[in-house]
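The structure appears below as structure tokens.
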Amino acid sequence: MIGRPGANEGDTVAGSAVGASARGEPRWQALLAQAIRDPAELWRLLALPMDALPAALASARLFPLLVPRGFAALMRSGDLSDPLLRQIVPLAEEASPAHGYSTDPLFESGCSPVPGLLRKYRGRALLVTTGACAVHCRYCFRRHFPYTDLPRGRRWWDAALEEIARDPSIDELILSGGDPLMLPDEQLAAIARDAANIPHLTRLRVHSRLPVVLPERVDADCIDWLGATRLHPVVVIHANHPRELAPGVVGACSRLRAAGVLVLNQSVLLAGVNDAAAIIVELSERLFGAGVMPYYLHVLDRVQGAAHFLVEDERAMGIMRDVAAELPGYLVPRLVRERPGMPGKEPLHW
């Protein structure tokens with residue numbers, strides 16, 4: 001999930017943290033306003049090797065750097081290969097051409113009956129709520145998504161929900177982005193209320209990286225609207241490495257569960273980040289300890305600029321065989337690939 005320049009007005013936080021607090025905005029917005037956007041600042045904070053900075057500056061011009069300071073604080077100083085840093089740091093490899101990689105690897109441009117709504121699988125509809133995010137993951141399959149084409153203005157979601165209301169086969173609404181938790185709680189609560197008025201909807205699923213990279217986002221206002229809906233609420237977080245599950249993240253997941261929210265995790269298998277069975281095993285164990293169930297482990301979507309993260313299928317399946325030998329079945333995430341036009345995620349039968 002990722003933000004892009006030109007995301008919808010009002011989706012991102014501008015100004016200083018002091019200004020945000022003075023206006024009475026939530027703490028998470030103040031923290032987001034302090035996020036690191038300049039590679040040179042990240043290099044200074046983490047004492048990274050200066051010979052790699054020019055390439056980072058060049059890659060950040062193609063796809064900007066964005067990372068909250070709390071998440072950056074979990075990264076090892078002086079280590080460009082740190083698995084948390086590797087997910088967000090611009091690298092020279094992003095500019096290298098790679099055969100079979102595209103700006104729309106899942107052909108989502110052909111799945112939208114109305115602007116902002118994606119229909120890829122039976123029974124589910126996905127609302128691309130915003131182009132904004134709290135962190136720019138370099139492997140994101142929507143890093144080239146045309147977010148500037150999304151609807152704007154008050155009640156921009158009306159047309160999408162009208163489309164859903166016309167199709168009684170849809171029983172689940174998925175909020176995605178960007179990151180839906182970048183929207184104000186008032187707007188999210190209104191979407192949830194309007195969705196709950198569609199009789200055949202039964203579930204509301206929210207896909208968000210914010211509980212991991214900015215856990216302060218899971219505050220009382222967020223919990224209020226999630227816990228108030230008649231729809232069954234599901235939050236799918238996104239953690240790729242066990243070190244991402246800091247105490248604040250565990251607390252955010254606990255607050256969600258206390259509100260009756262089912263919390264799942266999906267990861268992406270990434271070279272140099274989590275491409276070892278021991279890492280996946282530890283991640284699953286720590287997720288379970290936080291009350292979160294491992295859900296999917298995605299192989300890389302072949303988006304332009306992310307080829308250096310690829311783990312080939314045979315190696316991925318070997319990793320999963322080793323994971324399955326260590327964990328009970330309910331803690332083994334499903335290794336899957338998304339293919340355009342398929343009725344669901346395609347499992348890789350390791």
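Between the CZ atom in R124 and the CG atom in L173 there is a gap of 13.0 Å [rounded to 0.5 Å].
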Exercise for the section: Could you walk me through whether L85 and L46 pass the side-chain contact (heavy atoms from CB on, under 4.5 Å) test, one step at a time? Expected result: CA-CA 10 Å; L85 175 65; L46 293 180; 4.0 Å; yes
Problem - Worked check of side-chain contact (heavy atoms from CB on, under 4.5 Å) between L245 and L287 - result: CA-CA 8 Å; L245 299 177; L287 285 166; 3.8 Å; yes
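Inspection of the R138 and H136 side chains reveals no N or O donor paired with an N or O acceptor under 3.5 Å. Between the side chains of D171 and T202, not a single donor N or O lies within less than 3.5 Å of an accepting N or O. Inspection of the D79 and S77 side chains reveals no N or O donor paired with an N or O acceptor under 3.5 Å. For the residue pair H298/Q266, the side-chain donor-acceptor check at 3.5 Å is satisfied. With no hydrogens or angles considered, a side-chain donor-acceptor pair links Q87 and E244 at under 3.5 Å.
Other residues, nucleotides and ligands contribute more than 12 heavy atoms inside 6.0 Å of the OH atom of Y121.
Considering only heavy atoms from C-beta on, C222 comes within 4.5 Å of L181 through its side chain. At least one side-chain heavy atom of V67 sits under 4.5 Å from a side-chain heavy atom of M75.
Proximity of a side-chain donor or acceptor of N274 to a complementary backbone N or O of V268 within less than 3.5 Å is detected.
Residues V311 and A316 approach most closely at CG1-N, 4.0 Å, considering heavy atoms. Residue I279 comes nearest to P242 through the heavy atom pair CG2-CD, 3.7 Å, listed as atom of the first residue, atom of the second, then distance.
Ring geometry for F288 versus Y330: interplanar angle of 30 to 60°, hence tilted.
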